[in-house]
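In what follows, chains carry the letters A, B, and so on, assigned in the order in which the sequence lines appear, proteins first and then strands, with residues in each chain numbered from 1. Given the structure is predicted, the values throughout are model-derived calculations rather than measurements.
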Amino acid sequence: MSAQAHPAPQAPAQDASGTWKYDAALAGRIELKWQDRWEAEGTFEAPNPTGPLATTRRGATVSPGPGAAGEKLYVMDMFPYPSGKGLHVGHPLGYLATDVLARYNRMRGKNVMHALAYDAFGLPAEQYAVQTGQHPRVTTEENIANMRRQLRRLGLGHDARRTFATTDPEFVKWTQWIFLQIFNSWYDADADGGAGKARPIAELVAQFADGSRALPGDYAGRSWEELSAREREDVLHGYRLAYVSESPVNWCPGLGTVLANEEVTPEGRSERGNFPVFQRNLKQWNMRITAYADRLIDDLDHVDWPEAVKSMQRNWIGRSTGAHVRFALTGSGGTESAPEDITVFTTRPDTLFGATYVVLAPEHPLVDRLLAEPSAAGWEPGVPEAWRGGAATPAEAVRSYRAAAAAKTPAERQEDKEKTGVFTGGYAINPVTGDRLPVFIADYVLMGYGTGAIMAVPGGDERDHEFALAFGLPIVPTVAAPEGHEGVWTGDGEVINSANERIDLNGMSVAEAKEAIIAWLERSGSGEGTTTYRLRDWLFSRQRYWGEPFPIVYDEDGTAIALPEDQLPVDLPEVDDFSPRTFPEDDLTSEPEPPLGRAADWVHVTLDLGDGPKRYRRETNTMPNWAGSSWYQLRYADPANDQAPVDTVNEAYWLGPRGQGHSGGADLYIGGVEHAVLHLLYARFWHKVLYDLGHISSFEPFHKLVNQGYIQAYAYTDERGAYVPAAEVAERVDESGESTFWYQGAQVRREYGKMGKSLKNIVTPDDMYAEYGADTFRVYEMSMGPLELSRAWETRAVVGAQRFLQRVWRLVVDEETGETVVTGGELDEATLRVLHATIAGVHEDMEAMRFNTAIAKLIVLVNHLTKEGITARAAVEPLVQLLSPFAPHIAEELWERLGHAGTITYQPLPAADESYLVAETVTCVVQVKGKVRDRLEVSPDIDPAELERLALASTGAQRTLAGAGVRKVIVRAPKLVNIVPEG
RNA sequence: GCCCUCGUAGCCCAAUCGGCAGAGGCAGCGGACUUAAAAUCCGCUCAGUGUGGGUUCGAGUCCCACCGGGGGCACCA
């Protein structure tokens with residue numbers, strides 16, 4: 001990755017046909033010339049305030065002093081995975097948008113940082129390595145080189161000094177360093193006035209040591225002093241933000257690795273590869289992202305993101321407020337033996353009077369307790385047949401129901417919406433009514449949410465209602481339904497049937513009743529208000545080769561020990577076999593086996609970690625490929641820093657908050673919506689940890705987020721359903737306007753969707769360069785419509801962008817001779833008006849990222865100049881400048897031909913002269929009852945009273961009014977008068 | 001079922017604060033240039049804004065209900 005020696009840029013030769021026509025070949029020569037020049041001159045290097053990148057080859061520096069901080073712009077793209085499959089025309093859309101914006105802002109005088117790095121760990125390179133035996137690093141580097149070449153041809157203005165790959169040892173070092181920061185931190189929920197924040201684990205140790213914080217759980221009552229090293233680590237592991245735990249995880253035999261919840265589809269399959277995923281209890285690394293649940297939700301109010309992404313994140317975190325309510329448990333047969341509590345979570349504590357039974361998830365640990373009751377040996381008399389599940393005893397019923405539930409995949413459990421369950425033989429006491437409620441197990445209650453237990457309110461919940469009907473359980477409505485409502489009422493209303501000698505909720509609204517019952521629960525000790533989350537801790541280890549190793553070793557006790565910073569990075573060992581052990585995709589008995597475990601020499605090491613050389617065992621899992629993308633927004637700002645992931649000064653300059661309460665973060669982030677709850681959630685989490693620990697000044701990584709739409713394409717199938725080459729399909733339109741599609745004389749069917757090789761509808765950027773050139777391709781993609789919108793690719797429409805650039809070219813260059821035809825002289829009034837309207841309009845559109853309308857305005861100007869035969873420098877130079885963000889190569893070429901020596905990149909854009917924006921006369925519309933009846937040419941600053949008089953007198957108004965009286969006249973000078981007649 | 005989005009000309013899309021429905025492009029048609037064709041240039045046609053209500057002097061724009069496309073979530077208590 002360095003500037004290679006390039007031959008001196010050559011002036012583009014004339015076209016093969018002997019003319020200087022702006023065709024694909026000429027465009028190509030111009031484009032390559034300027035791409036070489038930009039590279040050779042370091043045109044897009046942006047200076048940092050401090051450090052190795054503080055100076056650039058073009059001599060720019062960050063000017064010190066007040067006001068300088070406002071003059072920067074940080075735009076970034078979601079970085080690509082270098083797949084080696086190559087790009088299609090849809091891939092560069094976002095990169096073009098950021099490039100256009102970056103170029104525009106450079107011309108506005110801002111210091112613009114824009115670069116592209118590569119997210120290079122991950123499965124495809126590893127799978128390719130497994131197949132070929134080639135090291136994934138080799139594959140990855142080849143793919144990056146190839147992708148870089150493809151993207152360079154687009155003319156993207158990236159700062160080449162700021163590129164990197166997540167697989168670079170220097171980058172891995174800091175990824176591992178951040179891991180250690182997280183490992184060596186805990187979440188102090190009381191810090192920051194209750195919002196909580198991460199603090200160094202050493203501060204927690206100090207609290208334990210001086211007794212200001214009591215030891216938790218099994219260690220309560222003991223002192224820190226007397227704990228062994230292993231016991232201390234055991235305590236700390238309950239606090240660390242990165243920790244190992246043995247818990248149910250998503251095990252995917254087909255991939256041979258475990259996966260985070262975010263990587264499992266609702267169908268219970270792996271997002272990547274679509275293999276089945278099973279729940280297994282395994283010892284794995286986790287990140288305590290749940291500690292940040294509230295801030296991850298609340299801080300969404302501080303970022304400028306699409307509502308869809310915000311709502312997906314809120315949804316995924318799934319905060320719901322309600323109450324924990326404890327139900328005392330009694331055995332069957334009425335023996336009040338050793339009461340045990342079932343804690344349920346409910347969002348509707350107001351409906352407690354309507355709770356007529358209790359349901360536990362089949363996996364709930366209390367089920368065993370219930371069955372341990374001696375009296376649970378047989379069914380009590382009177383237990384309905386339907387409750388028994390065909391079994392002779394509760395124990396047998398529960399056993400067989402549990403077995404049946406366990407045999408189903410999560411997907412199967414969801415598919416079957418019929419309510420099933422069995423009675424456990426046990427009862428629970430409703431704390432407010434004192435009623436004895438039967439306790440069921442049923443698989444519509446999930447162990448993974450809330451407490452895995454519910455109070456069932458069939459009068460106020462659809463699911464409970466269905467279950468109650470199936471099992472003949474009582475239904476007590478507690479909120480009055482509106483007149484005429486059928487079925488269960490879950491909305492607001494007046495509370496009914498909810499009073500006894502202890503509390504009276506009747507007549508309250510749902511919200512009032514919630515508040516009252518929570519207060520009562522807390523007073524009586526039978527519950528409390530609480531908040532639960534759907535979000536689970538982030539499972540962070542993978543059984544793969546091609547990922548970052550953990551900077552962790554284990555001593556002979558199995559205690560995890562962080563490696564010191566000076567031993568980073570921990571490099572991957574060389575191995576013969578990169579593959580994890582994978583299994584038949586439905587092999588439930590399989591166990592994960594990390595490939596690093598086979599590198600015995602690497603795993604077992606002797607290290608001196610402060611108390612002399614000792615034998616240690618390395619962690620053999622690797623990090624998920626989300627690790628690198630969780631902090632790369634920081635590294636762009638200081639890619640060569642070997643002292644820190646990012647210097648605080650550089651971070652504050654590029655990402656720091658702009659004013660009080662501002663979140664900070666990159667100014668603009670463009671990427672697909674598919675990362676809404678994966679990358680974007682993880683990156684926010686890491687960023688916040690680093691913020692809490694004082695390493696950075698911004699508390700959000702990406703301040704403004706835009707999701708670009710997808711470029712999709714039509715595909716065509718013949719009678720057999722086989723795809724035919726889309727490029728060779730012709731459209732026929734009959735008299736009625738109906739379109740049909742034909743391939744080799746036979747009619748074919750059109751479908752709409754992705755671009756793909758198998759669909760035979762791929763169009764690549766290379767196709768576009770060959771036929772039109774990169775600038776035409778850029779202009780076409782930017783003019784297709786708003787960035788956020790998905791749309792269909794239509795190759796035949798690209799010619800419109802080419803015609804536009806050809807017209808621009810001819811304003812400057814004679815197609816026959818190649819001579820510059822630009823002339824001097826003043827512009828006429830009409831041209832000045834068009835020119836300044838264009839300047840003003842383009843500025844407005846660019847600020848709002850409306851690239852399509854900005855291009856439309858440039859087309860208007862070009863059409864005007866072409867039609868009028870105007871080639872005056874005074875019109876052409878501003879045009880070339882305004883065009884250059886979209887079509888930078890042709891703009892540079894024309895700028896040079898207009899006699900300018902340097903690059904156009906930093907030329908200040910023209911400003912509109914206000915005096916040409918005000919029209920001499922405007923057309924005033926005269927409406928009668930909202931319908932246009934006449935038009936008047938009036939002065940823009942006409943007096944409203946005068947305008948009203950003119951409008952009333954106009955022939956159109958008089959004719960329409962036909963003598964009728966006038967009730968009211970609305971005057972919006974100077975553009976509109978609306979006359980409201982009587983009657 | 002719930003949430004988020006988008007419905008304007010044959011197609012892709014404009015219309016900024018509620019004020020003349022049309023900026024731009026594609027396709028189509030006509031013309032110029034050409035021996036002819038392509039390319040280029042000039043000109044033209046085409047909708048009343050998914051449907052039904054409402055608010056307003058005035059609605060593509062605001063409100064309500066519905067229909068259709070795209071996306072997300074979904075037995076989450």
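Nearest nucleotide to the side chain of A/Arg803, out of B/rG25, B/rC26, B/rA39: B/rC26. When distances run from any side-chain atom of A/Glu844 to the nucleotides B/rC75, B/rG25, B/rU16, the shortest one goes to B/rU16. Side-chain proximity of A/Tyr449 to the nucleotides B/rC41, B/rA77, B/rA27 is greatest for B/rA77. Considering only side-chain atoms of A/Thr346, the nucleotide from B/rA77, B/rC41, B/rC75 that sits closest is B/rA77. Set against B/rU40, B/rA14, B/rC75, the side chain of A/Lys419 has B/rC75 as its closest nucleotide.
Rounded to whole Å, atom P of B/rC13 lies 20 Å from atom CZ of A/Phe804. Rounding to whole angstrom units, CZ of residue A/Arg534 and P of B/rC73 are separated by 8 Å. Spacing between atom CZ of A/Arg778 and atom P of B/rG25 amounts to 21 Å, rounded to whole angstrom units. Between A/Ile711 atom CD1 and B/rG70 atom C1' there is a gap of 16 Å when expressed in whole angstrom units. Taking atom CG of residue A/Leu976 and atom C1' of nucleotide B/rG18, one finds them 11 Å apart after rounding to whole Å. Straight-line distance from the CG atom of A/Leu805 to the C1' atom of B/rG25: 13 Å, rounded to whole Å. Atom-to-atom, CG of A/Asn707 to P of B/rC4 comes out at 17 Å; the value is rounded to the nearest Å. What separates CD of A/Gln712 from C1' of B/rG71 is a distance of 11 Å, to the nearest Å.
Glycosidic torsion of B/rC17 falls within 90° of 0, placing the base in syn. Base orientation of B/rG69: anti, since the glycosidic angle falls outside 90° of 0.
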For this session: Report the C-alpha separation of A/Tyr357 and A/Phe471 in whole Å, then their side-chain angles, then the decisive distance to 0.1 Å, and conclude whether the ring-ring contact (aromatic ring centres under 6.0 Å, His included) test is met.
Result: CA-CA 11 Å; A/Tyr357 60 97; A/Phe471 288 81; 8.3 Å; no
Exercise. For A/Glu816 and A/Trp20, what are the C-alpha separation, side-chain angles and deciding distance, and is it a side chain to side chain donor-acceptor pair (under 3.5 Å)?
Worked result: CA-CA 6 Å; A/Glu816 296 300 320; A/Trp20 289 84; over 6 Å; no
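Taking 4.0 Å as the cut-off between side-chain N and carboxylate O, A/Glu815 and A/Lys21 do not count as a salt-bridged pair. Salt bridge present: A/Arg314 and A/Glu307 bring a charged side-chain N and a carboxylate O closer than 4.0 Å.
A sub-4.0 Å separation between OP1 or OP2 of B/rA77 and a side-chain N or O of A/Arg348 is absent. Between A/Arg850 and B/rU16 there is no side-chain N or O to OP1 or OP2 distance below 4.0 Å. Put simply, A/Lys867 has a side-chain N or O that comes within less than 4.0 Å of OP1 or OP2 on B/rG43. Under 4.0 angstrom from either OP1 or OP2 of B/rC12 there lies no side-chain N or O belonging to A/Asn852.
Sorted by first then second residue, the side chain to side chain donor-acceptor pair (under 3.5 Å) pairs that include residues 777-786 of chain A, not counting sequence neighbours, are A/Asp99-A/Arg778.
For A/His465, there are no ring pair (Phe, Tyr, Trp, His ring centres under 6.0 Å) partners, not counting sequence neighbours. Every residue two or more places apart in sequence or in another chain was checked for a salt bridge (Lys or Arg N to Asp or Glu O under 4.0 Å) with A/Arg536, and none qualifies. Checked against ring pair (Phe, Tyr, Trp, His ring centres under 6.0 Å), A/Tyr444 has the following partners two or more places apart in sequence or in another chain: A/Phe467. With sequence neighbours excluded, no residue forms a ring pair (Phe, Tyr, Trp, His ring centres under 6.0 Å) with A/Phe327. A/Glu948 is linked by a salt bridge (Lys or Arg N to Asp or Glu O under 4.0 Å) to nothing, counting only residues two or more places apart in sequence or in another chain. Residues passing the ring pair (Phe, Tyr, Trp, His ring centres under 6.0 Å) test with A/Trp742: none are found, sequence neighbours excluded.
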Problem set entry | Sequence-aligned protein contact record of nucleotides 28-36 of chain B, with B where the base is within under 4.0 Å of a protein heavy atom and S where only the sugar-phosphate is | ---------
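Nucleotide B/rC2 forms a pair with B/rG72, judged by Watson-Crick or G-U wobble geometry with both contacts under 3.5 Å. In a base pair of the Watson-Crick type (N1 to N3 plus N6-O4 or O6-N4) or a G-U wobble (N1-O2 and O6-N3), with each distance short of 3.5 Å, B/rA65 is matched with B/rU51. Base-pair partner of B/rG10: B/rC26 (Watson-Crick or G-U wobble, both distances under 3.5 Å). Across all strands shown, B/rC41 pairs with B/rG31; the Watson-Crick or G-U wobble distances both stay below 3.5 Å. Nucleotide B/rG58 forms no Watson-Crick or G-U wobble pair with any nucleotide shown, as no partner meets the under 3.5 Å limit on both distances. As the counterpart of B/rA21, no nucleotide is assigned, since no Watson-Crick or G-U wobble pattern has both distances under 3.5 Å.
Counting only heavy atoms from C-beta outward, the side chains of A/Ile342 and A/Val439 approach each other to under 4.5 Å. Using a 4.5 Å cut-off on side-chain heavy atoms (C-beta onward), A/Phe440 and A/Val445 make no contact.
Annotation: B/rG72 and B/rG30 have their P atoms spaced 46 Å apart (nearest Å). Going from the C1' atom of B/rC13 to that of B/rC6 covers 13 Å, rounded to whole Å. Look at the P atom in both B/rA32 and B/rA37: the space between them is 11 Å, to the nearest Å. Straight-line distance between the C1' atoms of B/rG25 and B/rA9: roughly 13 Å, to the nearest whole Å. B/rC20 and B/rA36 have their P atoms separated by 47 Å, given to the nearest Å.
A/His864 and A/Thr831 share a side-chain donor-acceptor pair at under 3.5 Å. When only modelled atom types and interatomic distance are considered, A/Gln712 and A/Trp793 share no side-chain donor-acceptor pair under 3.5 Å. Counting only N and O atoms by type, the side chains of A/Asn250 and A/Gln279 include a donor and acceptor under 3.5 Å apart. A side-chain donor-acceptor contact under 3.5 Å links A/Tyr533 and A/Asp294.
Taking the six-membered ring for Trp and thresholds of 30 and 60 degrees, A/Trp809 and A/Tyr22 have ring planes inclined between 30 and 60 degrees apart.
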Nucleotide N/O to protein N/O under 3.5 Å, stretch nucleotides 65-68 of chain B:
none

Can you give me the N/O atom pairs linking the protein to nucleotides 55-63 of chain B at distances under 3.5 Å, or say none if there are none?
{"residue": "B/rC57", "atom": "O2", "partner": "A/Asn978", "partner atom": "ND2", "Å": "2.0"}

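Within the cation-pi definition used here (under 6.0 Å to the ring centroid, within 45° of the axis), A/Arg833 does not qualify as a partner of A/Tyr916.
Residues of residues 309-320 of chain A having a heavy atom closer than 4.0 Å to RNA chain B, listed by number: A/Met312, A/Asn315, A/Ser320. Proximity of residues 783-798 of chain A to RNA chain B (heavy atom under 4.0 angstrom from any strand atom) is restricted to A/Met784, A/Pro786, A/Leu789, A/Ser790, A/Arg791, A/Arg796, A/Ala797.
Of the residues near RNA chain B, A/Gly448 and A/Val677, the one whose nearest nucleotide (by heavy atom distance) lies more toward the 5' end is A/Val677.
The residue A/Asn863 sits close only to the backbone: its heavy atoms come under 4.0 Å of sugar-phosphate atoms, none of a base.
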